[in-house]
There are 2 protein chains.
Amino acid sequence: MAKILIVDDEDKIRNVVREYADFEGYEVEEARDGMEAVDICKTKDFDIIIMDIMMPRLDGFSASKEIRKKKQIPIIMLSARGEEYDKLFGFEIGIDDYVVKPFSPKELMARVRAVLKRNSQQAQGDVLKFEGLEINIAGREVIVDGEKVTMTPKEYDLLFYLVKNKNLALTREKLLEEVWGFDFYGDDRTVDTHIKMLRNSLGEYRKFIVTLRGMGYKFEAN
Amino acid sequence: MAKILIVDDEDKIRNVVREYADFEGYEVEEARDGMEAVDICKTKDFDIIIMDIMMPRLDGFSASKEIRKKKQIPIIMLSARGEEYDKLFGFEIGIDDYVVKPFSPKELMARVRAVLKRNSQQAQGDVLKFEGLEINIAGREVIVDGEKVTMTPKEYDLLFYLVKNKNLALTREKLLEEVWGFDFYGDDRTVDTHIKMLRNSLGEYRKFIVTLRGMGYKFEAN
DNA sequence: GGATGATTTTAACAATCCATTTATTAACAA
DNA sequence: TTGTTAATAAATGGATTGTTAAAATCATCC
């Protein structure tokens with residue numbers, strides 16, 4: 001079942017969310033402020049984060065920004081009425097939803113379900129489109145200008161990981177860890193070779209795969 | 001009119017169900033526990049089974065599993081409040097509905113009607129066609145170029161699951177879990193063997209089953 | 001309840017495919 | 001320019017899947 005991280009400095013809020021989320025069968029973890037949230041996210045993966053805005057040490061906006069630098073996790077924001085309300089809409093990272101305090105736990109859970117569903121559907125049937133490049137992750141299918149392209153397993157895995165983390169700088173170490181697995185003890189350059197083959201498979205859309213000299217690679221697109 | 005099998009060790013329950021089902025014009029047969037239910041199902045066909053979970057000799061889960069091995073009869077489960085409640089959701093066989101004791105007989109009958117209706121609709125219209133390959137899931141029938149093909153149970157199950165999830169990449173683990181059941185602790189390659197036999201059965205339409213190297217299989221068609 | 005036949009699973013081998021390494025060339029930045 | 005980093009190409013060893021046969025399990029019939 002999905003894992004939730006609830007980030008809020010008020011015990012009462014965390015407890016209410018935990019109670020309801022438990023009941024719905026979600027796995028819940030807590031953080032007391034933005035700093036803690038960022039730390040926890042370094043070692044653990046969540047399917048969704050519920051984050052308060054006003055918190056000591058590190059506020060919700062900054063924390064989200066920090067976390068999103070590394071992982072594309074959906075985030076629901078909690079905001080007191082009026083407080084920082086405007087910022088939500090100008091927020092660059094693109095939060096997935098927001099709920100105004102005081103909120104009904106049932107409504108919050110409904111939002112969580114909606115966001116999770118939206119995201120899982122995206123992972124499933126949805127075809128991601130970047131100009132003439134179509135990527136169907138659930139169907140393991142890649143189409144270039146209407147033509148189906150067959151790739152090797154590693155090419156698929158690599159492309160999907162890049163796309164799932166588009167616009168994020170990814171080091172070779174990170175790619176090896178995530179795409180190859182933590183138990184891979186090979187050469188860094190292996191990534192290069194696969195990037196090359198992937199670029200060949202993508203034809204003109206190789207342009208989406210950007211080399212970050214001295215760093216790694218990035219899938220750059222909207 | 002539809003035939004119902006009510007399986008429960010409490011006389012009171014069986015009597016109440018019989019009374020209401022009689023009134024609605026259903027034909028009713030009774031079994032006192034899972035073992036009896038399995039036996040009766042060997043010789044007689046029912047349109048729906050209402051099955052208690054907690055019973056002497058053979059519990060409702062095991063009995064359902066046993067019966068479903070041979071026949072695809074819709075099953076409504078009866079469970080005492082709380083008791084085994086969780087299991088219902090993790091139950092792989094896919095029960096059609098469940099009712100918590102103590103239940104209102106009227107509600108139970110409504111569920112029975114709903115399930116019967118749902119199933120009869122499915123049984124009728126659901127013939128999937130992929131060129132010369134016709135698949136009637138509810139009727140457990142597969143036709144290749146007008147000729148009915150007989151397959152082994154596992155072949156049917158595998159084909160149906162693939163078709164129900166067409167165009168979706170399915171790992172061997174997923175297939176084992178969904179087609180074989182969560183309690184199967186065998187070899188991954190068992191899937192391969194069954195895929196091969198299935199391909200043989202499908203003749204030229206084997207083309208719909210594509211191998212996803214490094215991943216699993218997929219039924220690819222529109 | 002044991003024998004028989006059908007089905008399922010495992011195991012082994014063959015065929016194919018592809019991941020990684022290595023070597024070389026090209027591109028870049030100081 | 002020069003040292004560093006990335007792109008490319010080719011070879012081989014390993015991994016994955018297809019296929020077959022035999023063993024194990026299950027179901028059914030006397």
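Numbers restart at 1 for each chain; the letters A, B, ... are given by sequence-line order, proteins then strands. Note that the structure is predicted; figures quoted are calculated from it, not measured.
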I'd like to know if B/Glu24 pairs up with B/Arg113 as an ion pair, taking the criterion as any Lys NZ or Arg NE/NH1/NH2 lying under 4.0 Å from an Asp or Glu carboxylate oxygen. yes
Contact list for DNA chain C against residues 191-203 of chain B - heavy-atom distance below 4.0 Å: B/Thr193, B/His194
Between A/Ile209 and A/Phe219, does a side-chain contact (heavy atoms from CB on, under 4.5 Å) hold up when you go through it step by step? CA-CA 5 Å; A/Ile209 297 175; A/Phe219 190 95; 4.2 Å; yes
Just so I know, are the side chains of A/Arg172 and A/Arg189 near enough to count as touching, which here means a heavy-atom distance under 4.5 Å? yes
Does the A/Ser62 side chain pair with the main chain of A/Leu58, one donor and one acceptor, at a distance under 3.5 Å? no
For B/Tyr161, all residues meeting side-chain contact (heavy atoms from CB on, under 4.5 Å), sequence neighbours excluded: B/Asn165, B/Leu170, B/Lys174, B/Leu175, B/Glu178, B/Val179
Salt bridge (Lys or Arg N to Asp or Glu O under 4.0 Å), paired with B/Lys44, selected from B/Glu36, B/Glu30, B/Glu29: B/Glu29
First of B/Arg189 and A/Thr211 reached from the 5' end of DNA chain D, by closest nucleotide: A/Thr211
With the threshold set at 4.0 Å, does a side-chain nitrogen-carboxylate oxygen contact exist between B/Arg32 and B/Asp11? no
May I ask you to say whether B/Glu141 pairs ionically with B/Lys148, meaning some side-chain N is under 4.0 Å from a carboxylate O? yes
Salt bridge or not between B/Glu10 and B/Lys12? Use side-chain N to carboxylate O under 4.0 Å. no
Does A/Arg57 have any salt bridge (charged side-chain N to carboxylate O under 4.0 Å, His left out) partners at least two apart in sequence or in another chain, and if so, which? A/Asp33
Roughly how bent is the helix from C/dG1-D/dC30 to C/dA30-D/dT1 end to end, in steps of 10 degrees, with each end axis from five pairs? 50°
Whole-Å distance between D/dA7 P and A/Ile209 CD1? 10 Å
Remember a base hit wins even if backbone is also touched, and classify A/Leu158 as base, sugar-phosphate or nothing at under 4.0 Å, heavy atoms. nothing
Under the salt bridge (charged side-chain N to carboxylate O under 4.0 Å, His left out) rule, collect the residues that match up with B/Glu173, sequence neighbours excluded. none
Is it true that A/Asp157 and A/Lys154 make a salt bridge, defined as a side-chain N closer than 4.0 Å to a carboxylate O? no
Nearest-angstrom distance from the residue atom NZ of B/Lys154 to P of D/dC26: 11 Å
Round to a whole Å and report the spacing from CE of A/Met151 to C1' of D/dT16. 19 Å
Which nucleotide in C/dT10, C/dT22, C/dC18 has an atom nearest any side-chain atom of A/Thr152: C/dC18
With a 4.0 Å heavy-atom cut-off, tell me which residues in residues 164-172 of chain A come close to DNA chain C, sorted by residue number. none
Taking any heavy-atom pair under 4.0 Å as a contact, classify B/Met215: base, sugar-phosphate, or nothing. sugar-phosphate
Tell me what B/Tyr185 touches on the nucleic acid: a base, only sugar-phosphate, or nothing, going by heavy atoms under 4.0 Å. nothing
Taking only side-chain nitrogens and oxygens of A/Tyr217, does any of them come within less than 4.0 Å of OP1 or OP2 of D/dA7? yes
Give a yes/no on whether any side-chain N or O of B/Thr190 is located under 4.0 angstrom from OP1 or OP2 of C/dT10. yes
Distance check needed: D/dG3 C1' versus A/Arg213 CZ, whole Å only. 11 Å
How many Å lie between NZ on B/Lys218 and P on D/dT17, as a whole number? 15 Å
Taking the nucleotide of DNA chain C with the nearest heavy atom to each, does A/Phe184 or B/Glu155 sit closer to the 5' end? B/Glu155
Please determine if a side-chain N or O atom of A/Trp180 lies less than 4.0 Å away from the OP1 or OP2 oxygen of C/dA19. no
Interatomic distance where CG belongs to A/Asp183 and C1' belongs to C/dA19 [whole Å]: 14 Å
Distance, rounded to the nearest Å, where B/Leu176 contributes CG and C/dT8 contributes P: 14 Å
Quickly work out the B/Asp187 CG to D/dA23 C1' distance and round it to whole Å. 14 Å
